[in-house]
Amino acid sequence: MADAITQDSVLGRRITGMREPGEVWAFWFHFRSIKLYAKINLTPSGKLIIIYSAHVPLKGEENL
C-alpha cells in the first residue's frame, strides 16, 4: 500500500464525513497481482496514516 500511494498512476476518490481529522482517500492498488480496495486517512500532522480498509472488492469494482 505504501508503494501504491507514491505512484502517479494511482487515482482515488476523496471521502468526506469521517470523524477523525485529515484527508481520507479511497483507491485501488495491487498486491501480488491481486486488486485491492483501500481507504486511508492522511492525518494533518503528516506523521500518521490511519488505514480504514484494505481488502478485495466486496461491492464490485466500481470506478473511483
Could you pull out all donor-acceptor pairs under 3.5 Å where a side-chain atom in residues 15-22 meets a protein atom, sequence neighbours excluded?
| unit_1 | atom_1 | unit_2 | atom_2 | d |
| --- | --- | --- | --- | --- |
| E20 | OE1 | Y52 | OH | 2.6 |

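- L48 places none of its side-chain heavy atoms less than 4.5 Å from the side chain of N41.
- Of all non-hydrogen atoms in F29 and A4, the two that sit nearest each other are CB-CB, 3.4 Å.
- Smallest separation of non-hydrogen atoms from M1 and S53: CE-O, 4.3 Å.
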task = Show your reasoning for whether side-chain contact (heavy atoms from CB on, under 4.5 Å) applies to V56 and I34.
result = CA-CA 8 Å; V56 295; I34 300 170; 4.0 Å; yes

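- With rounding to the nearest 0.5 Å, the separation of OG1 in T43 from CD1 in I50 is 6.5 Å.
- Among residues two or more places apart in sequence or in another chain, the side chain to side chain contact (heavy atoms under 4.5 Å, CB included) test is passed with R14 by E23, W25.
- Between W28 and Y37, the two ring planes are perpendicular [angle over 60°; tilted spans 30° to 60°].
- Looking at heavy atoms from C-beta onward, V24 lies in side-chain contact with K39 at the 4.5 angstrom threshold.
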